[in-house]
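Residue numbers start from 1 in every chain, and the chains themselves are labelled A, B, ... in the order their sequence lines are given, proteins ahead of strands.
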Amino acid sequence: MLALVSPALLVILALIVLPVGWLAWQSVYHDGFTLENYRRVFTEDVYWRSFALTFEISLAVTVIALLLGYPVAYLANSLPKGWSILILSLVVLPFWTSVLVRAYAWLALLQRTGVINQFLRYLDVISEPLALVHNTFGTVVATVHILLPFMVLPLYAAMQKIPNDLMQAGASLGASPSLTFFRVFLPLSLPGVLAGCTMVFVLCLGFYITPELLGGGRTVMVSMLVSRNVELYNQFGAASAVAVVLLASVLATFFVVSRFISLDRVLGQK
Amino acid sequence: MMRASTARIVLYVVSALVLVYLILPVLIIVPISFSSARFLTFPPPSFSLRWYQLYFSNPAWMQATRVTLTVALLTVAIATPFGVAAAYAISQSKLRIMRLIHMTLLLPLVVPIIITAVGIFFVYAKVGLVATMPGLVLANVMLGLPYVVISVLAGLQSFDPAQEMVARSLGMNRLRSFFAVTLPQIKSSVVAGGIFAFISAMDETIVALFISGGQYQPLTKRMFTALRDEIDPTIAAISALMTAGSFLLVLLATTRQGKKT
């Protein structure tokens with residue numbers, strides 16, 4: 001049996017475990033052992049600001065995705081099968097569309113001469129085009145768009161497991177629909193909320209393409225810090241240290257979450 | 001479940017708006033790709049096929065398309081058997097280390113892609129795989145493996161291993177019983193896993209940004225650079241084609257998975 005897994009395992013070990021180990025090594029070793037790279041990451045303003053911004057954006061995206069995703073998952077769960085399949089297909093289709101294509105679409109929609117600005121000017125709602133893109137706003141709108149399916153699917157999966165009888169029992173005991181929702185349904189859907197939020201938050205921490213294309217160079221997320229240190233400044237040690245801190249944040253998030261729900265639940269949804 | 005009420009109406013409206021937000025950006029690509037305008041305008045002043053013509057007549061775009069398709073096909077050809085073998089072993093073996101191996105195989109989904117990309121770049125630089133076809137394919141095999149493993153494991157969950165035992169007790173060896181008894185029953189999840197690996201390889205951008213170069217640059221790398229520098233409507237034509245392609249493939253993959261259950 002071990003022989004059967006070995007080809008796949010070798011590829012993973014050679015192309016993800018070894019490279020990450022290499023990064024970790026490079027972050028502390030340069031002509032001798034040094035913590036200089038980490039000192040910079042933790043004390044220099046550029047790094048701090050970028051980490052802070054990344055956490056803020058990731059939190060905002062997670063909260064927005066939850067607020068937008070919960071009603072959709074709830075509706076899909078409460079409708080007959082045909083309708084729920086239709087809703088879930090609409091959720092999943094953009095998920096399998098190229099991230100680049102969607103970045104292009106958001107540029108087309110949000111830029112100064114974009115669809116939304118032209119439409120608003122046509123309606124005379126605005127006289128000057130709004131700055132919707134090449135800033136944090138554009139980044140968040142497009143990032144939520146890309147990560148929303150990762151929220152809806154675990155929510156739907158968790159809601160499916162809630163027995164209908166419980167809601168009927170609540171109703172038969174005289175509870176109003178909103179009371180049964182808040183006292184029975186919502187608490188029971190929390191594992192799905194946690195799974196979805198974890199996935200969205202963690203993926204957002206490492207986002208690269210969307211902030212790079214829609215952030216306009218002003219929204220520098222951690223992943224851009226990594227690539228810039230490599231591509232522009234040839235600072236491999238600094239890039240590695242940033243990468244290690246980013247990975248540590250991701251693993252720490254998973255660790256904290258694993259104390260509440262099984263990680264299979266988070267990862268199994270993909 | 002709940003009687004019709006204001007809450008229910010709000011639910012319908014909010015959900016409809018969210019679905020529009022999800023779908024509209026994907027669909028907006030199509031009219032833009034058929035527009036005659038040099039710059040993005042909406043609605044398009046008139047329709048034309050000029051961006052499609054530009055795409056198909058540009059040798060650089062065509063070369064990038066060939067690289068992408070080749071990489072994606074080779075990725076599927078390698079990742080599918082590797083992933084099926086691994087998923088089969090994980091589902092059959094009672095070794096405790098298998099759980100750890102299972103988690104390791106899912107690492108590409110967990111490690112932020114930018115870290116993977118930079119790490120692979122460093123390793124490839126040492127062994128001379130930067131800007132080569134084998135390097136590009138190998139990286140995509142790694143990224144596609146989790147999709148195959150997850151899909152095939154899901155398929156194997158509803159398969160009763162006792163059937164294979166029966167085949168073996170009737171004299172088939174392990175390999176033959178797998179191909180004769182197990183594989184036909186999990187075929188749809190194998191195909192679905194392969195399709196997901198294909199789409200993942202078609203869409204992969206970030207690793208390619210670091211490790212590809214010269215004549216072996218995939219479409220996504222050229223698109224990324226083009227989008228960063230200047231918005232060229234040729235990208236709308238490429239995007240529309242890519243979107244149509246992935247819609248068809250996902251449809252194929254999901255109907256296949258649906259057939260199984």
Side-chain angles (χ1 to χ4, degrees), chain A residues 1 4-5 7-9 11-12 15-20 22-23 26 68 71-72 74-75 78 87 90-91 93-94 96-109 111 113-115 118 145 148 164 167 177-178 205-206 208-209 212-213 223 226-227 230 239 243 246-247 250 267 270, chain B residues 1-2 7 11 14-15 18-19 21-23 25-26 28-29 32 39-40 42 82-83 85-86 88-90 92-93 95 101 104-109 111-116 118-120 122-123 138-139 141-142 145 150 199 203 205-206 220 223-224 227-228 231 235 239 242-243 246-247 250:
Chain A
M1 283 297 150
L4 282 177
V5 283
L9 194 59
V11 173
I12 302 283
L15 288 188
I16 200 156
V17 178
L18 175 71
V20 168
W22 191 306
L23 283 179
Q26 199 168 234
L68 298 184
V72 175
Y74 184 90
L75 187 67
S78 70
I87 292 177
L90 291 178
V91 171
L93 280 181
W96 285 111
T97 317
S98 163
V99 171
L100 275 178
V101 171
R102 286 186 280 166
Y104 175 71
W106 281 111
L107 283 172
L109 282 164
Q111 63 176 263
T113 55
V115 178
Q118 284 181 357
H145 183 251
L148 199 49
N164 234 327
M167 317 300 295
S178 64
L205 282 182
Y208 180 69
I209 295 180
E212 185 75 277
L213 292 176
S223 50
V226 178
S227 80
V230 173
L246 174 61
L247 184 60
V250 168
L267 290 173
K270 189 99 186 230
Chain B
M1 205 150 77
M2 227 189 263
L11 177 67
V14 171
S15 303
V18 174
L19 291 175
Y21 164 70
L22 274 172
I23 291 298
V26 179
I28 201 93
I29 293 288
I32 293 176
F39 297 103
L40 286 171
F42 196 87
F82 281 18
Y88 179 76
I90 290 168
Q92 298 283 301
S93 169
L95 291 174
I101 292 177
T104 311
L105 292 183
L106 299 185
L107 274 179
L109 298 179
V111 178
I113 185 83
I114 186 82
I115 297 180
T116 313
V118 174
I120 294 180
F122 287 140
V123 171
L138 207 57
V141 168
M142 185 271 291
L145 268 172
I150 289 176
I199 300 178
D203 192 23
T205 313
I206 301 173
T220 46
M223 282 172 75
F224 182 85
L227 277 175
R228 195 162 49 176
I231 300 183
I235 292 178
S239 298
M242 281 177 81
T243 307
S246 46
F247 274 27
V250 172

Pairs of heavy atoms under 4.5 Å with chain B: top-ranked of Ala239(A), Ala243(A), Gly206(A): Ala243(A)

Checking heavy atoms, do the side chain of Leu107(B), its backbone, both or neither come under 4.5 Å from chain A? both

For Leu15(A) against Ile120(B), the heavy-atom pair lying closest together: O-CG1, 3.4 Å

To the nearest 0.5 Å, how far apart are CG in Leu107(A) and CG in Leu227(B)? 6.5 Å

Derivation and outcome, side-chain contact (heavy atoms from CB on, under 4.5 Å), residues Ile29(B) and Val101(A): CA-CA 8 Å; Ile29(B) 293 288; Val101(A) 171; 4.1 Å; yes

Among Leu205(A), Thr97(A), Leu23(A), Ile16(A), which residue has the highest count of heavy-atom pairs closer than 4.5 Å to chain B? Ile16(A)

Would you indicate whether the side-chain heavy atoms of Pro19(A) and Thr116(B) approach each other to under 4.5 Å? no

Scored by heavy-atom pairs under 4.5 Å with chain A, the best of Ser246(B), Pro112(B), Ser239(B) is Ser239(B)

If we only count heavy atoms from C-beta on, is the Ile115(B) to Val226(A) side-chain gap below 4.5 Å? no

Rounded to the nearest 0.5 Å, the CG atom of Leu109(A) sits from the CD1 atom of Ile28(B) at a distance of 5.0 Å

CG (Leu11(B)) and CG (Leu75(A)) are apart, to the nearest 0.5 Å, by 5.0 Å

I want to check something: taking the side chain as every heavy atom from C-beta on, are Val18(B) and Leu148(A) in contact at a cut-off of under 4.5 Å? yes

Assert top hit (heavy-atom pairs under 4.5 Å, partner chain B, pool Leu68(A), Val91(A), Val99(A)) equals Leu68(A)

Given heavy-atom pairs under 4.5 angstrom as the criterion, report whether the side chain, backbone, both or neither of Leu19(B) touches chain A. side chain

Can you name the nearest heavy-atom pair linking Pro25(B) to Trp106(A), along with the distance? CG-CZ2, 3.4 Å

If I measure from the heavy atoms of chain A, does Ile199(B) come under 4.5 Å with its side chain, its backbone, both, or neither? side chain

For Leu145(B), which atoms come within 4.5 Å of any heavy atom of chain A: side chain, backbone, both, or neither? side chain

Please tell me if the side chains of Glu212(A) and Phe224(B) come closer than 4.5 Å, counting only heavy atoms from C-beta onward. yes

Of all heavy-atom pairs between Phe82(B) and Ala8(A), which one has the smallest distance, and what is that distance? O-CB, 3.9 Å

Between Leu138(B) and Val11(A), what is the shortest heavy-atom contact and its length? O-CG1, 4.3 Å

When rounded to the nearest 0.5 angstrom, what distance separates OG in Ser223(A) from CD1 in Ile113(B)? 11.0 Å

Against chain A, label Val14(B) side chain, backbone, both or neither, depending on which of its atoms sit under 4.5 Å from a heavy atom there. side chain

Shortest non-hydrogen contact from Leu4(A) to Ala89(B)? CB-CB, 3.8 Å

Ranking Ile209(A), Leu18(A), Val20(A), Val250(A) by heavy-atom pairs under 4.5 Å to chain B gives rank one to Ile209(A)

Please flag which part of Met142(B) lies under 4.5 Å from any non-hydrogen atom of chain A: side chain, backbone, both or neither. both

Stepwise, does the side-chain contact (heavy atoms from CB on, under 4.5 Å) test hold for Ile114(B) with Leu246(A)? CA-CA 10 Å; Ile114(B) 186 82; Leu246(A) 174 61; 4.1 Å; yes

Between Leu247(A), Val17(A), Ile87(A), who has the most heavy-atom pairs with chain B when the cutoff is under 4.5 Å? Leu247(A)

Any idea which heavy atoms bring Ile23(B) and Leu90(A) closest together, and the distance? CD1-O, 3.3 Å

